Amino acid sequence: MATNLKNLSDYNKSNVPSAANMKFGIVVSEWNEEITEALYQGAYNTLVLNGANPNNIIKKYVPGSFELTKGSKYMAECTDVDAVICLGCVIQGETPHFDFVCNGVTQGITQLNLDYNVPFIFGLLTTLDQQQALDRAGGKHGNKGDEAAVTAIKMVQMGRSLNR
Ligand SMILES: Nc1c(NC[C@H](O)[C@H](O)[C@H](O)CO)[nH]c(=O)[nH]c1=O
Ligand SMILES: CC(=O)[C@@H](O)COP(=O)(O)O
């Protein structure tokens with residue numbers, strides 16, 4: 001379903017487990033920082049709203065979205081977080097670089113999910129222009145950071161339900 005048909009910040013709170021005993025790492029790209037900071041705020045606020053202890057949320061920056069893979073790998077290897085939320089915003093420019101960055105991050109985060117026992121949440125905006133990004137970072141389509149936080153909580157609970 002396209003984002004314009006489902007607001008990124010809409011979710012059924014009764015379907016979200018408590019995050020009271022969960023720890024989260026959030027890796028944030030510095031590129032397009034106006035957008036990525038809004039994504040982070042949305043993710044942080046949603047985690048806390050659903051019971052997470054602010055002391056159990058670790059925030060680290062990477063220079064750009066392409067570095068999200070390595071930064072998230074470091075987070076998983078160097079901390080005891082239960083999930084890693086990867087936040088970035090890639091906006092198309094004049095060259096095919098957009099495609100390579102987006103594909104690289106997608107493949108990298110997918111591989112991390114296969115290689116590690118903690119979930120890595122794909123909180124990457126890949127937009128054609130800045131307005132589309134603003135619309136999805138707290139604008140008319142909601143905040144992808146909210147969606148990423150809810151996804152992280154649900155995936156931690158899912159893993160625990162299977163004693164992973
Ligand atoms: N153009 C965008 C980038 N480009 C930078 C890359 O992510 C990477 O940091 C660089 O190629 C060095 O390895 N990054 C974004 O996050 N968003 C963009 O729009
Ligand atoms: C995604 C990018 O790296 C892109 O914003 C860079 O812009 P350009 O393709 O015009 O160099």
Side-chain angles (χ1 to χ4, degrees), residues 1-13 15-54 56-62 64-76 79 81-91 101-114 116-127 132-160:
M1 178 184 288
T3 300
N4 62 2
L5 299 176
K6 178 187 179 302
N7 191 286
L8 292 163
S9 299
D10 285 351
Y11 63 93
N12 184 341
K13 202 172 182 308
N15 288 347
V16 182
S18 169
N21 60 352
M22 300 178 184
K23 292 187 74 171
F24 301 93
I26 306 181
V27 182
V28 185
S29 166
E30 294 174 331
W31 253 83
N32 299 311
E33 65 178 339
E34 173 191 359
I35 303 296
T36 60
E37 285 302 325
L39 296 177
Y40 169 77
Q41 210 54 58
Y44 178 90
N45 293 342
T46 301
L47 290 174
V48 173
L49 188 67
N50 285 281
N53 181 334
N56 287 338
I57 300 172
I58 303 169
K59 180 185 187 181
K60 291 294 181 184
Y61 288 101
V62 292
S65 292
F66 192 82
E67 285 74 42
L68 283 172
T69 301
K70 179 64 84 175
S72 299
K73 178 181 167 82
Y74 287 157
M75 180 70 79
T79 73
V81 297
D82 297 299
V84 181
I85 298 171
C86 316
L87 300 177
C89 175
V90 190
I91 300 175
V101 172
C102 294
N103 289 335
V105 181
T106 303
Q107 291 169 15
I109 293 174
T110 298
Q111 192 61 48
L112 289 177
N113 276 293
L114 298 175
Y116 289 83
N117 239 350
V118 298
F120 296 81
I121 309 306
F122 188 66
L124 187 75
L125 290 178
T126 56
T127 66
Q132 287 184 346
L134 290 167
D135 291 344
R136 291 158 177 79
K140 65 181 181 180
H141 293 316
N143 191 321
K144 192 145 188 80
D146 298 357
E147 177 198 58
V150 170
T151 302
I153 295 168
K154 288 183 174 181
M155 286 305 294
V156 172
Q157 183 60 31
M158 188 267 186
R160 289 179 175 180

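For clarity, every value in this text was computed on a predicted model and none was experimentally measured. Side-chain atoms are counted along with the backbone in the values below, which use heavy atoms only and exclude waters and symmetry mates. Index from 1, following the sequence.
Rounding to the nearest 0.5 Å places CD1 of I91 at 4.5 Å from OG1 of T127. To the nearest 0.5 angstrom, K144 atom NZ is 8.5 Å from L124 atom CG. Between N103 atom CG and T110 atom OG1 the span is 10.5 Å, to the nearest 0.5 Å. Between the CG atom of N56 and the OG1 atom of T79 there is a distance of 11.0 Å, given to the nearest 0.5 Å. Note that CG of D10 and NE2 of H141 are 12.0 Å apart. Values are rounded to the nearest 0.5 Å. The structure places CD of Q107 at 11.0 Å from SG of C102, a figure rounded to the nearest 0.5 Å.
The ring pair (Phe, Tyr, Trp, His ring centres under 6.0 Å) check on F122 picks up nothing, with sequence neighbours excluded. Shown here are the side chain to side chain donor-acceptor pair (under 3.5 Å) partners of D146, two or more places apart in sequence or in another chain: S9, T46. Not a single ring pair (Phe, Tyr, Trp, His ring centres under 6.0 Å) links F24 to another residue, sequence neighbours left out. Judged as a ring pair (Phe, Tyr, Trp, His ring centres under 6.0 Å), and not counting sequence neighbours, the contacts of Y116 are F120. Among residues two or more places apart in sequence or in another chain, the side chain to side chain donor-acceptor pair (under 3.5 Å) test is passed with N113 by none. Listed by chain and residue number, nothing satisfies the side chain to side chain donor-acceptor pair (under 3.5 Å) test with Y44 (two or more places apart in sequence, or in another chain). Remark: N12 engages S14, N15 in a side-chain contact (heavy atoms from CB on, under 4.5 Å) (not counting sequence neighbours). Every side-chain contact (heavy atoms from CB on, under 4.5 Å) that E67 has, sequence neighbours left out, goes to V62, P63. Annotation: side-chain contact (heavy atoms from CB on, under 4.5 Å) contacts of N21 (sequence neighbours excluded): R160.
Taking each heavy atom of A38 and N143 in turn, the nearest pair found is O-ND2, 3.0 Å. Minimum heavy-atom separation, C89 to N32: O-ND2, 2.7 Å. Considering every non-hydrogen atom in both C86 and S72, the closest pair reads SG-OG, 3.2 Å. Pairing each heavy atom of Y11 with each of V16, the nearest pair is CD1-CG2, 3.6 Å. Residues T69 and G108 come closest through the heavy atom pair OG1-CA, 3.5 Å.
The shortest side-chain heavy-atom distance between V81 and M75 falls under the 4.5 Å cut-off. Looking at heavy atoms from C-beta onward, I121 lies out of side-chain contact with V84 at the 4.5 angstrom threshold. Residues V118 and D82 have side chains not in contact (no heavy-atom distance under 4.5 Å, counting atoms from C-beta outward). Side-chain atoms of M22 and I153, non-hydrogen and from C-beta on, do get closer than 4.5 Å to each other.
Counting non-hydrogen atoms of other residues, nucleotides and ligands closer than 6.0 Å to CD of E30 gives a total above 12.
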side-chain contact (heavy atoms from CB on, under 4.5 Å) for L47 and N45? Distances and angles first, verdict last. CA-CA 6 Å; L47 290 174; N45 293 342; over 6 Å; no

Go through the steps for K13 and N50 under the test side-chain contact (heavy atoms from CB on, under 4.5 Å), then give the verdict. CA-CA 8 Å; K13 202 172 182 308; N50 285 281; 3.5 Å; yes

Could you walk me through whether T36 and W31 pass side-chain contact (heavy atoms from CB on, under 4.5 Å), step by step? CA-CA 8 Å; T36 60; W31 253 83; over 6 Å; no

Carefully, step by step, assess I57 and I26 under the rule side-chain contact (heavy atoms from CB on, under 4.5 Å). CA-CA 7 Å; I57 300 172; I26 306 181; 3.7 Å; yes

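A side-chain contact (heavy atoms from CB on, under 4.5 Å) with L125 is found for one member of L39, L87, V90 and no other, namely L39.
Applying the salt bridge (charged side-chain N to carboxylate O under 4.0 Å, His left out) test to pairs two or more places apart or on separate chains, those with a residue in residues 34-48 are E37-K59. Sorted by first and then second residue, the salt bridge (charged side-chain N to carboxylate O under 4.0 Å, His left out) pairs involving residues 39-53 (not counting sequence neighbours) form an empty list. Screening residues 15-29 for salt bridge (charged side-chain N to carboxylate O under 4.0 Å, His left out), with sequence neighbours left out, gives K23-D80.
For S29 (side chain) and S65 (main-chain N/O), a donor-acceptor pair under 3.5 Å exists by modelled atom type.
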